[in-house]
Undergrad: 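This is the structure I have questions about; it appears just below.
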Amino acid sequence: MAPGAGGLQLTSLAGDRRAAAADSDDLEDVRLLDSYDKIDAEARRIQVTVTGMTCAACSNSVESALKSLDGVISASVALLQNKADVVFNSALLKDEDIKNAIEDAGFEADILPESSTVGKMPHGTMVGQFAIGGMTCAACVNSVEGILRNLPGVKRAVVALATSAGEVEYDPGVISKDDIVNAIEDCGFDASFLQSNEQDKIILGVVGVYSVIDGQVLEGIISSIKGVRQFHFDQISGELDVLFDPEVLSSRSLVDAIQGGSNGKFTLHVRSPYTRMASKGVEEISTIFRLFVSSLLLSIPLFFVRVVCPHIPMVYSLLLRRCGPFLMSDWLKWALVSVIQFVIGKRFYIAAGRALRNGSTNMDVLVAVGTTASYVYSVCALLYGALTGFWSPTYFETSAMLITFVLLGKYLECLAKGKTSDAIKKLVELAPATALLVVKDKGGKCIEEREIDCLLVQPGDTLKVLPGAKIPADGVVTWGSSYVNESMVTGESVPILKEVNASVIGGTINLHGVLHVQAAKVGSDTVLSQIISLVETAQMSKAPIQKFADYVASIFVPLVVSLSLLTLFCWYIAGSIGAYPDDWLPENGNHFVFALMFSISVVVIACPCALGLATPTAVMVATGVGANNGVLIKGGDALERAQRVKYVIFDKTGTLTQGKATVTTAKTFTGMERGEFLKLVASAEASSEHPLAQAILAYARHFHFFDDSSADTGAENDVKTGWLFDVSDFSALPGRGVQCLIDGKRILVGNRKLMAENGIHISTEVENFVIELEESAKTGILVAYNDILTGVLGIADPLKREASVVIQGLQKMGVTPVMVTGDNWRTARAVAKEVSIQDVRAEVMPAGKADVVRSFQKDGSIVAMVGDGINDSPALAAADVGMAIGAGTDIAIEAADYVLMRNNLEDVITAIDLSRKTFSRIRLNYVFAMAYNVVAIPVAAGVFYPSLGIKLPPWVAGACMALSSVSVVCSSLLLKRYRRPRLTAILEIIVE
C-alpha cells in the first residue's frame with residue numbers, strides 16, 4: 001500500500017538550504033524549466049590524477065588537504081580511479097596550487113587536460129589491440145603487463161587472460177605496434193596486432209592472387225593509386241595492409257581502384273578484426289588438439305609396455321631382450337618419451353625459458369621442471385644401471401602422461417574459454433556482411449544498384465534494404481515503409497513500424513517492405529559497434545577482487561618450487577634415518593626416487609591456473625549475459641560495486657516518468673475564450689525549445705486544427721501557418737519561465753516565482769487550483785497577460801507503467817530507492833506517493849543531483865544513480881554505479897557504468913541481480929580454486945601417506961591440475977543459464 005503523505009521524507013541539501021526551503025513559496029526556487037547544471041562564473045573545475053593512494057585513509061588525507069585551501073569550493077577524491085575532482089575559485093587559486101597541495105600531502109599529482117569530448121584519447125596517442133597466445137595463468141598476465149608498461153611510449157596496458165588479448169595505449173611517435181609485438185614475443189608468448197583506432201588503415205582479404213606474377217600485378221596497381229602511403233601483402237594469408245591518406249582517398253575508393261585496375265581479377269573484402277581474432281582462437285584450439293592427440297598416440301604404447309605387455313609372454317620376451325647396454329623396452333620408452341618431451345613439449349620449454357629470462361614464473365615453468373626432473377632421472381637411472389649393474393625403476397611414463405594430461409586440460413580450457421566469449425561472437429554475427437548501394441545521378445534518380453562490403457559504407461550513402469535483410473548501418477528511412485525487428489539490439493520483441501524520417505539501427509532485420517535508408521553512422525560509430533566495444537572493454541577490465549589473485553599468482557610459483565624442494569628433502573632425510581619402512585619403496589627403488597616422486601607431484605599440482613581464471617571468466621560470461629538481456633556492463637569494477645548497492649537514486653523526469661509532457665488541463669480565470677488563451681500562450685512559447693513549451697504548442701495546435709497533438713510542431717512550422725501572434729522582446733528565464741510582448745502587452749508564462757517577481761497577484765482561487773494540480777502529480781503553469789493573471793495550464797508527465805512495481809521490487813531486495821527532482825515539492829510528493837518512494841530530494845544548484853549522490857555516500861554507502869539526460873551525467877559520474885537509460889543522451893551513456901538498452905526500469909533490478917549472482921559465482925570459483933590447492937598440495941606432498949596410504953603419482957597430479965582449471969571455467973559458464981528475475985517472484989505475488 002502506498003504510504004501517506006506524512007510518511008514521506010522530503011529533504012533539501014545542506015543546512016542553510018534546508019532552512020531556505022522550509023517555506024513552500026521558497027520551494028519554487030527549485031528549477032521548474034531549467035534543465036542544466038551551472039557553476040558560478042569564477043568557479044573552475046579540474047580533475048587531477050593522484051598516484052600513491054593505497055587505502056581510504058590516503059584519499060581522506062588528499063581530500064582534507066584540498067578542502068583546507070582557501071578558495072576550494074568542493075573536493076572529491078576517488079580511491080579506485082586515483083583521481084580528484086576539485087571545484088575552486090579561479091580568482092583565489094591556480095591549477096598549480098591544487099597540484100602542490102596534493103604533493104605536500106605526500107602524493108604525486110598530475111592535472112588532467114580539459115576535453116570537450118568525453119572518452120577521446122589524449123592527443124598523439126593510439127589504442128591498439130593485440131592477440132596474445134600462450135598465456136596460461138595470472139602469472140603470465142602479470143608478466144606481459146609488466147613488460148608492456150615498462151616500454152617507452154606506452155601510456156596504459158591491460159591484458160585479459162580469458163580473451164587472450166591485450167589493449168595498449170601508446171604514442172606511435174615513440175613506439176610502433178611491431179615493437180609492442182616483439183616485446184610480447186620476447187616475454188615468451190605469441191603475439192599479433194589486431195586493430196587500432198587509426199582511421200587511415202585498412203586490412204583487406206584478397207582473392208585471385210595465385211602466383212608471384214599476380215602478386216607483382218597487385219603491388220603495381222596499389223603503387224599507382226594516389227593517396228596510398230604504405231602497403232604490405234602477405235601472399236600466404238592473402239591479407240593486404242594498406243596505410244592511406246583519408247583526405248585524398250576513402251577505403252571504398254581504394255577497393256574500387258584495385259578491383260577496377262585488375263579488371264575484376266582480384267576480389268577484395270574487408271577483414272573484420274573480430275573475425276581475425278576468432279580465427280586465431282580456432283587456430284590455437286586446433287594446435288593444442290593436434291599436440292594432445294600426438295602425445296596421446298605416443299603415450300599409448302608406453303601404457304601397453306608397462307601394463308599390458310607383461311601379460312603377453314611372446315611380446316614381453318621381445319621387450320626383455322638386451323640391445324646393447326639396455327633392454328628393448330628401455331630403448332622404446334626413451335625414444336617415445338624423447339619425442340613427447342622435446343618435440344611436442346617444446347612449447348613448454350620455450351615459454352618457460354622466456355619467462356625465466358624476464359624474471360617471471362608461470363605454469364610452463366612448473367610443467368618444464370616436473371617433466372624434466374622425471375625424464376632426467378630416468379635417463380640417469382639407465383646410465384647408472386649400465387655402468388654399475390644396479391637397475392633402478394624409470395619413470396619415463398610420468399613425463400609422457402604429465403604432458404598429455406596438461407595438453408588435454410589446456411584443450412578443454414580453451415574450449416570452455418571460447419564459450420565465455422560467445423557474446424561478442426553473437427554480436428558480431430548480427431552485423432550484415434554486404435549492403436545494396438543505390439547510386440543516384442545529380443537529379444536524385446537511381447542509375448545503379450550494386451553490392452558492397454558493409455564495412456565500406458560511408459555516411460550519406462543510400463542503401464536499399466530488401467524484406468528479410470539486415471539493415472547495413474544506422475541511418476534514416478528516406479523511402480518506403482516496413483516493420484523492423486529490433487529485439488537483437490534493444491530487447492523489445494514487438495516489431496517497430498519504420499516510415500520516412502524514422503531512425504533505424506544497423507544489424508536489425510527488415511521484416512516486410514522495401515526500405516531506402518540514408519546511412520548516418522557507419523563503422524565504429526554504429527550502435528552495434530559501440531555495444532560490441534562496450535562488451536569487449538568490460539571483458540578486458542579487471543574487478544578489484546582480481547588483484548588478490550594476481551598477487552597470489554606472482555608469489556605462488558616460487559613458493560611451490562620451494563615447497564617441492566622441501567618435500568624432497570624431508571622424505572629423503574626421513575628415509576635415510578629409517579623413519580619409514582623400506583617396503584614403502586618401489587621395486588629396486590631407493591629413498592631419493594621415492595622422495596622425488598612426491599616432489600614432482602607437488603610441482604605439477606600446485607599451478608595457480610584455476611585461481612587466475614576465477615574472476616575474468618565469470619566477468620566475461622556476465623557481460624555477455626547482460627548484453628543478451630539488454631544490460632551493457634562497462635567493467636568488472638562496475639559489477640563489483642553494483643552487487644553492494646544500498647541506495648538507488650532515480651531522476652524523476654524521463655526516468656521514472658515517460659518524459660513526454662502533455663497538457664491535461666487549461667483553465668481561464670478572466671472570461672477570456674479558451675481558444676484565444678491557448679493562442680496567446682502558444683505564441684509566447686513558440687520561441688522556446690523547452691519540452692514543456694513543445695507540449696503547450698502541440699496542445700494549442702490540436703485545439704485549433706484537430707491535428708495529432710503528438711506530432712512534431714516546431715516553432716518554424718507554427719509561424720508559417722500564420723495562426724500565431726507576432727511576438728517581440730522574447731526572453732527565457734531559467735527556473736522561472738518565459739516572457740515577451742504581444743501587441744505591446746507583456747505576457748508571462750511560468751511558475752509562482754515569475755509572477756511574484758513581476759508583481760502579479762495570485763488569487764486564492766488560482767492558488768487552490770494550482771495546488772490541486774500539484775497534488776495530482778501535475779505541474780501548474782501560470783499565464784499573465786497585460787499584468788493580469790489570465791489562466792493556468794496543467795501539464796502531466798505520466799509514470800512509466802513498470803515504475804511502481806520496480807520500486808517495490810528494489811525494496812524487497814534490500815535496496816532503498818530515492819527520487820531526485822527539480823520540480824515543485826507538491827508534484828514531487830504526489831509522484832513519490834504513487835510509486836511508494838519514501839525519500840525525495842531536491843536538486844539545488846550548482847551541483848544539483850551530484851550533491852544528492854554525495855550526501856548518501858558520506859557514510860560509505862554504495863550509491864547507484866539512474867538517469868537519462870545531459871544534466872544527469874555529473875550525477876552518473878559521481879555515483880558509485882551510474883545507470884544510463886539507453887534512450888538517453890550519448891553524454892549520459894558515456895558517464896555511466898551500466899547502459900540499460902531497453903529503456904525499461906526493470907533492467908535496474910536485472911543489473912543489480914546479475915551483479916550479485918556474478919560475484920556469488922566468483923566467490924564460489926575462488927573456493928574451488930583455493931580448496932583444490934589447499935587439499936591437493938598436502939596429498940601430493942605425501943602428508944597422508946603414512947596414515948592412509950594415499951599417494952598421488954605425478955601423472956595423476958597433472959590430470960588434476962588441468963581439470964581444476966576446467967572446473968572453474970565450467971562453473972563460470974553456469975552463469976549462461978541466468979534468467980532475469982521475475983517481478984512476481986520478487987514481490988511474492990501469487991499468479992492464478
Side-chain angles (χ1 to χ4, degrees), residues 2-3 5 8 10 27 30-36 492 648-665 689-696 698-699 709-710 735 751 770 772-781 793-811 817-843 848-849 852 864-873 875-876 882-889 892-893 896 900-909 983:
L8 292 169
L10 298 135
L27 291 176
V30 180
R31 329 177 273 175
L32 177 65
L33 301 179
D34 183 25
S35 63
Y36 296 92
E492 296 290 348
V648 175
I649 300 176
F650 292 92
D651 175 41
K652 180 178 79 71
T653 304
T655 302
L656 286 174
T657 66
Q658 296 177 14
K660 298 176 182 177
T662 55
V663 177
T664 59
T665 308
E689 295 182 355
H690 195 278
L692 297 186
Q694 300 305 312
I696 292 170
Y699 183 80
S709 61
S710 66
N751 56 16
V770 173
E772 184 181 341
L773 288 174
E774 292 169 348
E775 290 179 345
S776 60
K778 298 174 183 175
T779 300
I781 303 295
L793 294 169
I795 298 181
D797 186 1
L799 284 167
K800 291 179 178 176
R801 60 179 184 175
E802 73 276 9
S804 180
V805 72
V806 167
I807 296 302
Q808 293 178 54
L810 287 171
Q811 291 167 342
V818 179
M819 186 180 81
V820 60
T821 180
D823 211 336
N824 67 76
W825 281 103
R826 290 192 184 91
T827 302
R829 182 172 60 185
V831 172
K833 181 178 179 181
E834 193 170 344
V835 296
S836 303
I837 291 181
Q838 301 291 323
D839 196 346
V840 183
R841 301 291 175 107
E843 48 177 317
K849 300 181 181 73
V852 177
M865 171 72 196
V866 185
D868 69 327
I870 293 175
N871 61 317
D872 294 330
S873 45
L876 289 170
M883 297 184 184
I885 298 292
T889 65
I893 291 173
L900 312 182
M901 292 296 297
R902 298 193 313 153
N903 196 20
N904 190 318
L905 290 176
E906 292 178 22
D907 290 339
V908 175
I909 289 179
L983 290 176

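The shown structure was predicted, so the numbers you read here are calculated from the model rather than taken from an experiment.
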Undergrad: Within the 4.5 Å heavy-atom criterion, are Val820 and Met865 side-chain neighbours or not?
TA: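 They are in side-chain contact.
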Undergrad: How about Glu772: does its CD atom have over 12 heavy atoms from other parts shown lying under 6.0 Å from it?
TA: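 Not more than 12 within 6.0 Å, no.
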Undergrad: Do Leu810 and Ile909 touch side chain to side chain, with heavy atoms closer than 4.5 Å?
TA: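 A side-chain contact under 4.5 Å exists here.
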Undergrad: To the nearest 0.5 Å, what is the distance between CZ (Phe650) and CD1 (Ile885)?
TA: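 Spacing of CZ (Phe650) from CD1 (Ile885) equals 8.5 Å.
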Undergrad: Report yes if some heavy atom in the side chain of Leu799 is under 4.5 Å from a heavy atom in the side chain of Leu656; otherwise report no.
TA: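 Yes - at least one pair of side-chain heavy atoms lies under 4.5 Å apart.
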Undergrad: List for me each residue that meets salt bridge (charged side-chain N to carboxylate O under 4.0 Å, His left out) alongside Asp797, sequence neighbours excluded, and say none if there are none.
TA: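 Expected list: none.
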Undergrad: Quick check for you: to the nearest 0.5 Å, what is the distance between Met819 atom CE and Asp651 atom CG?
TA: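 The CE atom of Met819 sits 9.5 Å away from the CG atom of Asp651.
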Undergrad: Check side-chain contact (heavy atoms from CB on, under 4.5 Å) between Gln811 and all other residues, then give those that pass, not counting sequence neighbours.
TA: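 Listed in chain order: Ile807, Gln808, Pro817.
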Undergrad: Quick check for you: to the nearest 0.5 Å, what is the distance between Arg826 atom CZ and Ser776 atom OG?
TA: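 Between atom CZ of Arg826 and atom OG of Ser776 there are 12.0 Å.
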Undergrad: Do any N or O atoms from the side chain of Thr655 and from the backbone of Lys652 form a donor-acceptor pair under 3.5 angstrom?
TA: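 Not at all, since once roles are kept as given, no pair shorter than 3.5 Å links the two residues.
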Undergrad: For the residue pair Glu775 and Ala830, what are the closest heavy atoms and their distance?
TA: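 Smallest interatomic distance, heavy atoms only, reads O-CB, 3.3 Å.
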Undergrad: For Thr662, give me all partners under side-chain contact (heavy atoms from CB on, under 4.5 Å), at least two apart in sequence or on another chain.
TA: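 Applying side-chain contact (heavy atoms from CB on, under 4.5 Å) to Thr662 gives Thr664.
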Undergrad: Do you know which two heavy atoms are closest between Val648 and Val866, and how far apart they sit?
TA: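 Looking at all heavy atoms of both residues, the shortest contact is CG1-CG2, 3.7 Å.
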Undergrad: Could you report the tightest heavy-atom contact between Ala661 and Ala695, atom names first, then the distance?
TA: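 Heavy atoms of Ala661 and Ala695 come nearest at O-CB, 3.2 Å.
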Undergrad: So which heavy atom on Gly867 is nearest to which on Leu876, and how close?
TA: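 Minimum heavy-atom contact is N-CD2, 4.0 Å.
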Undergrad: For Leu900 and Asn904, work out which heavy atoms get closest and say how close.
TA: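 So the minimum-distance heavy-atom pair works out to CD1-O, 4.5 Å.
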